[in-house]
2 protein chains.
Amino acid sequence: MGRYRVGLETRERILTATRELLGEVGIEGVTLKAITDRAGVGAGSFYNLFETKEQAVLEVVREAIGAVDPDPSGVGRESLADLVEAFVRFITGEASGIARIYLQLAASGLTDERMARRVLRSHRRRVERFRDALLREQPGIGAGEAEARAEAILAALTGFAITWFIDPRFDFALHAARLLQPVGVASGGSE
Amino acid sequence: MGRYRVGLETRERILTATRELLGEVGIEGVTLKAITDRAGVGAGSFYNLFETKEQAVLEVVREAIGAVDPDPSGVGRESLADLVEAFVRFITGEASGIARIYLQLAASGLTDERMARRVLRSHRRRVERFRDALLREQPGIGAGEAEARAEAILAALTGFAITWFIDPRFDFALHAARLLQPVGVASGGSE
DNA sequence: TTCATCTTGTAGTATCCACTCCAGGTAACG
DNA sequence: CGTTACCTGGAGTGGATACTACAAGATGAA
């Protein structure tokens with residue numbers, strides 16, 4: 001079962017091709033031929049390194065879900081602004097292909113239960129992280145209130161991200177920054 | 001080209017089957033066989049009534065996009081709370097299959113440009129409607145500010161809706177209602 | 001070098017897909 | 001009733017799909 005060096009290199013080429021394709025055509029649109037063509041290998045090589053097509057896709061998917069969350073070393077110290085900024089960078093940064101995959105996954109959870117569980121687990125962790133950051137800045141509001149606000153901020157960020165991908169003119173960073181302002185969403189100071 | 005009564009009834013059965021399937025298995029998972037089996041017709045009957053599979057799917061898709069927006073007769077009179085409540089009812093109500101389709105569409109806009117344009121157009125209209133309701137209630141805030149808040153509310157509602165579909169325990173109505181409170185998202189009164 | 005193990009491309013296979021063809025049935029109308 | 005238009009189901013088509021079998025080559029530890 002030990003792998004040779006060339007085999008591991010081919011494996012990386014295949015994963016890179018899969019990653020790119022997932023961002024471009026979506027999780028349902030990826031075919032084996034597309035992957036092997038882009039990676040420059042035959043089907044035989046693919047199946048020498050992966051059991052099924054799904055295995056390769058899942059490997060990239062896990063990576064995408066993991067990539068939403070910034071640098072775990074900061075846990076317990078980061079501010080809410082840090083977390084929001086990291087999310088914006090994740091969506092609009094260089095690896096936005098991965099971000100695209102992540103949003104598709106969230107949506108595929110609408111029809112695929114296994115995916116739903118996977119996405120929900122990572123969502124829960126993220127809510128906790130946002131909640132804890134909020135509590136550190138405003139300990140007075142209480143855990144329940146902080147969690148509700150964390151859910152709201154994350155929901156808005158997700159919605160903004162979808163809008164941004166669909167409408168290139170949408171200023172994602174600006175709208176995300178507004179979420180941190182004391183003014184809030186619905187009502188203003190001029191009440 | 002005129003259609004007989006029986007033909008039109010079959011057409012309805014096919015559209016109903018398509019609608020159900022779209023909600024259950026997603027836009028990529030719908031096959032012709034699944035549609036015709038559920039509708040209880042042969043492939044020949046389908047193609048007597050629709051040019052392609054995509055035509056039937058698009059007919060349901062248009063319906064789903066249209067269904068997000070509540071009763072157009074209220075335009076110009078409704079409050080922000082009315083609009084939010086209507087969105088919540090759309091997602092959690094009896095026709096939540098349609099709502100599921102709508103969210104899938106928004107996500108499919110991530111990889112399908114034609115879908116992206118379609119979704120964006122309806123999104124823009126909805127933002128305007130929310131903005132106008134906001135301006136009616138707080139004329140002082142200005143159109144730009146109102147539009148930004150409309151975007152934020154809609155983004156949060158969309159994010160909440162995805163969470164709700166993925167996590168049945170999520171209290172969508174409660175979180176949606178919080179969007180209307182003067183407190184806002186990030187900061188509280190106890191600052 | 002030796003040789004077992006791993007890697008590779010090709011030429012398959014079975015299965016599913018959207019879609020077509022067509023013969024026989026049915027609806028509408030005079 | 002007769003005629004024409006429409007409706008119907010199912011067998012069949014071509015093409016794409018994921019995946020396999022295998023022969024020939026490359027790799028790497030001794």
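Order of the sequence lines sets the chain letters (A, B, ...), proteins ahead of strands, with each chain counted from 1. Note: hydrogens, waters and symmetry copies are ignored here, and every other heavy atom, side chains too, is used.
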Distances for protein N/O vs nucleotides 22-28 of chain D N/O pairs under 3.5 angstrom?
unit_1: D:dT27; atom_1: O2; unit_2: A:Tyr4; atom_2: OH; d: 3.4

Count the heavy atoms belonging to other residues, nucleotides or ligands that lie under 6.0 Å from CD of B:Glu94, then report whether that count exceeds 12. no

Can you establish whether the number of heavy atoms outside B:Glu54 located under 6.0 Å from its atom CD is more than 12? no

Can you tell me how far [atom2] of [N] sits from [atom1] of [X], to the nearest Å?
X: B:Phe46; N: C:dC21; atom1: CZ; atom2: P; value: 17 Å
X: B:Ile35; N: C:dC17; atom1: CD1; atom2: P; value: 11 Å
X: B:Glu28; N: D:dT17; atom1: CD; atom2: P; value: 13 Å
X: A:Leu32; N: C:dC16; atom1: CG; atom2: P; value: 18 Å

Does the B:Ser96 side chain pair with the main chain of B:Thr92, one donor and one acceptor, at a distance under 3.5 Å? no

Quick one, B:Arg149 and B:Ile141 - any side-chain contact, counting heavy atoms below 4.5 Å?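 A side-chain contact exists here, since the closest heavy-atom pair is under 4.5 Å.
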
Assign the ring pair B:His175 / B:Phe170 to parallel, tilted or perpendicular, where the plane angle (0 to 90°) is split at 30° and 60°. parallel

Using a distance-only test with no angle check, is there a side-chain donor-acceptor pair under 3.5 angstrom linking B:Ser122 and B:Arg126?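 Present: a donor and an acceptor within the cut-off.
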
If only side-chain N and O atoms count, and only distance matters, is there a donor-acceptor pair under 3.5 Å linking B:Ser79 with B:Asp82? yes

If you pin A:Asn48 and B:Thr52 to their nearest nucleotides in DNA chain C, which one's is more 5'?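 It is A:Asn48 whose nearest nucleotide is closer to the 5' end.
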
Are A:Leu135 and A:Val75 co-members of a hydrophobic cluster defined by side-chain heavy atoms under 4.5 Å apart? no

Check the phosphate of C:dT8 against A:Thr10, side-chain N and O only, distance under 4.0 Å to OP1 or OP2. Yes or no?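 True: A:Thr10 side-chain N/O within range (under 4.0 Å) of C:dT8 OP1/OP2.
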
For D:dC6, take OP1 and OP2 only and decide whether either is under 4.0 Å from a side-chain N or O of B:Arg3.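 For D:dC6, OP1/OP2 do not have a side-chain N/O of B:Arg3 under 4.0 Å.
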
Touch check for B:Ser45, heavy atoms < 4.0 angstrom, all strands: base, sugar-phosphate only, or nothing?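 Base contact - B:Ser45 has a heavy atom under 4.0 Å of at least one base atom.
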
Would you mind classifying the nucleic acid contact of B:Thr36 as base, sugar-phosphate or nothing, using non-hydrogen atoms under 4.0 angstrom? nothing

Would you mind reading off the bend of the helix from C:dT1-D:dA30 to C:dG30-D:dC1 from its two end axes, five pairs each, to 10 degrees?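 Angle reported: 20°, given to the nearest ten degrees.
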
